[in-house]
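First up is the structure itself, then whatever we jot down about it.
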Protein chains: 2
Amino acid sequence: MLNEPKYIIIKKNLQLKIENQDYSLGTKIPSEAELRQEYDVSRHTIRQAISELVNDGYLVKQQGSGTFVSDYYKTRQIGNGKKTIGVITTYLSDYIFPSIIRGIEEELSKHDYSLMLSSTRNNVENEKRSLESMMAQNVDGLIVEPTKSNLMNPNLNYYLSLSEKPTPLIMLNASYEELDLPFVALDDVKAGKMATEHLIDLGHTDIGIITKSDDLQGKNRLKGYLKALYDAKLTFSNEFIMRYDTEAKNDLPSLIRIMLESGQLPTAFVCYNDEIAVMLIKELNDKGISCPDDISVVSHDNSFYSTTLPSVKLTSIEHPKEKLGIQAARSIVQAVENREPITSYIFDPELIIRESTKAIAEKDEIEI
Amino acid sequence: MLNEPKYIIIKKNLQLKIENQDYSLGTKIPSEAELRQEYDVSRHTIRQAISELVNDGYLVKQQGSGTFVSDYYKTRQIGNGKKTIGVITTYLSDYIFPSIIRGIEEELSKHDYSLMLSSTRNNVENEKRSLESMMAQNVDGLIVEPTKSNLMNPNLNYYLSLSEKPTPLIMLNASYEELDLPFVALDDVKAGKMATEHLIDLGHTDIGIITKSDDLQGKNRLKGYLKALYDAKLTFSNEFIMRYDTEAKNDLPSLIRIMLESGQLPTAFVCYNDEIAVMLIKELNDKGISCPDDISVVSHDNSFYSTTLPSVKLTSIEHPKEKLGIQAARSIVQAVENREPITSYIFDPELIIRESTKAIAEKDEIEI
DNA sequence: GTATTATATATGTACGTACGAATTTAGGGG
DNA sequence: CCCCTAAATTCGTACGTACATATATAATAC
């Protein structure tokens, strides 16, 4: 520390005086000759110190007149000091995403960070463009909800090159299993297990599932479902494990209809999310099947869909939503400030019991 | 031109060679000593030229090793070309805002623009901070949904200083009447008039309204309501013009309850938006009053609330939502590209008739 | 008092030397 | 062939000088 170069010492000294307003905005600082005497160094050394300060925007030089404290450096400092976090999600306006984004925005604005937003509509090509755009904008950190997290993603090399750079990155909701990236998510395996166990506790032994195939959340919830069945030594029928992907979502109602018409049904369903659960219950009702009297349904995410059906409020696994966004933002801010690696954060699921699930015993009693 | 300083000539020469890939990315350029010989100048002069190029990001120096062509300057160039639009709204996750933001994002991404997002939670202090932040970030355009547009806004001077700058600005949903800023919005006066006229057409003569006092939309919808009554030569009772502001929203249910208990009621209500309509209908039902059999309700915005009530789907004025966002984005992009002044865009309202309104004649018949 | 001019002052360009510090390269020993 | 060391290379710091150019100031002429 003591053997810092002279010009660095002088630079720091001048910088301090500027920031302390010893040399106030717009005023002239001592000439090179004067500073030379003051610090007892050569003119070259003084020039070197001043040159760096000019470069950093603290000073402005004017030949023949003198060197002046810039009134620009303050504003530039603010602009430069302001950090921006890029957020890439699959959807913006749908379902639980507004809440997640709100959580992120809330936390970022607390730390005076800016938020740059982009959505992929669950399309990998859009994800690529969003990533490129964010990188070009030199964001200070990235929060990404992965697109088609259960399929081979062609943008993995982008993520790899990002993880080499100092730009912190955190994944939301799910991660790419091929990469070892930090993430903030609900424990989806546990969630699927909890949902299924709730049905098992109610006496159900024939349990179907409708889940998503192209994202990791769907895969994990299925995993939890299978685990719960295995632990309870129950079997499952392949016909009642129904999987769909983003593109096939619109065809799902007719697929459900076909399934419902194909013979014996289970007494309960686990649904990937509330949207699907509402879809299923509507199809059930159309066929004269009641929920929960005939078939119980447990879903995920506890979104506004949970209470939207006139006939029945959904039993659903709570999704942290805002909290998830807040946690992701908090982690990324911490990573930006401290340059420390990010640790993943996993939320524990929680079951909200409403009206769409019912003990099977009751039904048997009625039938007897 | 001929008497340019030597170091400037050398700098330009080197810069040219870098851009022509004579010195390609990452490779070492000749040492100071070599360049000294090549240009027949002192080492100091070479260092001066190189120093400026290092500062501009073209070169990177490494003591003991050499001076190298930076691979960073290219990306910095690209980043500067990308345009960013700042979006400031009151809320992010609530109500129709996700749809609006989605529209904006969709249109901006089509033009390869970035979106910087901030919300004010309808607080003017937050609005100020958001504006400052956006200005510091040097956004290329701004889309603002005004905070408390019907109250004197303390940030008007910010907007004034903005309108002097070349940064295009467009207001969303409403504008500040004190300023003459371009905006994209629904014709709220017409909307309020249309809603009220629908009730008049159904035979209602006693019509109340619940509207918001601190934003322009509420004021305009009230204006339309009064206009419709005036045109139909109907009177209104002050007790049934109920106004509330953002802060008092949570107290609204109890205020409605008090109103409902205070004697004779109108046969119909116009509501500021679907959220309020749902609130009102719940309170009505609690008092054993049916909608639409006893009291008709027409609301605004046609949001998901319109179809959320188990008892009745709402008759509501359509809000353009996505279209509004798309139009705002399109206007701002046009303004950024062509540097032309923005013209306001006003959407015509449209009535969606559902179950919450009923002709008064029918009711009379039943009663007879 | 004002306009012009000379002088002083400030930064800009450009040369030179010397030695320090980090890195690479070449040479020598095992 | 590998490891260590010494030398060479390259940039970093720091001193010096000289003169150019732009600006401010003081002196001068009107």
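Numbered from 1 within each chain, the chains take letters A, B, ... in sequence-line order. Values below: all heavy atoms of this structure, side chains included; hydrogens, waters and symmetry mates excluded.
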Any side-chain heavy atom of A/Leu172 within less than 4.5 Å of one from A/Ile100? yes
Between D/dC15 and A/Lys6, is there an OP1 or OP2 to side-chain N/O distance shorter than 4.0 Å? yes
Mutual orientation of the aromatic rings belonging to B/His44 and A/His44 [parallel < 30°, tilted 30-60°, perpendicular > 60°]: perpendicular
To the nearest Å, give me how far apart CD (A/Gln62) and C1' (C/dA10) are. 10 Å
In whole Å, I'd like the distance from the OH atom of B/Tyr7 to the C1' atom of C/dT13. 8 Å
Once you apply a heavy-atom cut-off of 4.0 Å, does A/Ser42 come out as touching a base, just sugar-phosphate, or nothing? base
A/His44, nearest nucleotide to its side chain (from D/dC15, C/dC15, D/dT13): D/dC15
At what distance, to the nearest 0.5 angstrom, does NZ of A/Lys6 lie from OG of A/Ser42? 8.0 Å
Using whole Å, report how far CD1 of B/Ile10 lies from C1' of C/dC15. 13 Å
Could you give the CD1-to-P distance, from B/Ile46 to C/dC15, as a whole number of Å? 9 Å
Check: B/Ser109/B/Glu105 side-chain N/O donor and acceptor closer than 3.5 Å: no
Identify, between B/Lys28 and A/Asp40, the residue whose nearest nucleotide on DNA chain D lies closer to the 5' end. B/Lys28
Can you name the side-chain hydrogen bond (donor to acceptor under 3.5 Å, both in side chains) partners of A/Lys219, sequence neighbours left out? A/Glu177
Walk me through whether A/Glu145 and A/Tyr91 qualify under side-chain hydrogen bond (donor to acceptor under 3.5 Å, both in side chains). CA-CA 9 Å; A/Glu145 191 220 345; A/Tyr91 298 97; over 6 Å; no
Between P of C/dA21 and CD of B/Gln63, the distance in whole Å: 9 Å
Can you tell me if A/Lys61 touches the phosphate of C/dG12, counting only side-chain N or O atoms and a distance under 4.0 Å to OP1 or OP2? yes
For C/dC15, does OP1 or OP2 lie under 4.0 Å from any side-chain N or O of B/Thr45? yes
Applying ring pair (Phe, Tyr, Trp, His ring centres under 6.0 Å), can you list everything that pairs with B/Tyr176, at least two apart in sequence or on another chain? B/Tyr159
Counting just side-chain N and O atoms, does B/Ser65 come under 4.0 Å of either OP1 or OP2 of D/dT9? no
Atom-pair distance (CD1 on B/Ile29; C1' on D/dC11), nearest Å: 11 Å
Integer-rounded Å distance: C/dT11 P and B/Gln48 CD: 16 Å
Protein-nucleotide distance (B/Arg43, atom CZ; D/dT9, atom P), rounded to Å: 14 Å
For D/dG12, does OP1 or OP2 lie under 4.0 Å from any side-chain N or O of B/Arg47? yes
Within residues 30-38 of chain A, residues whose heavy atoms come under 4.0 Å of DNA chain D: none
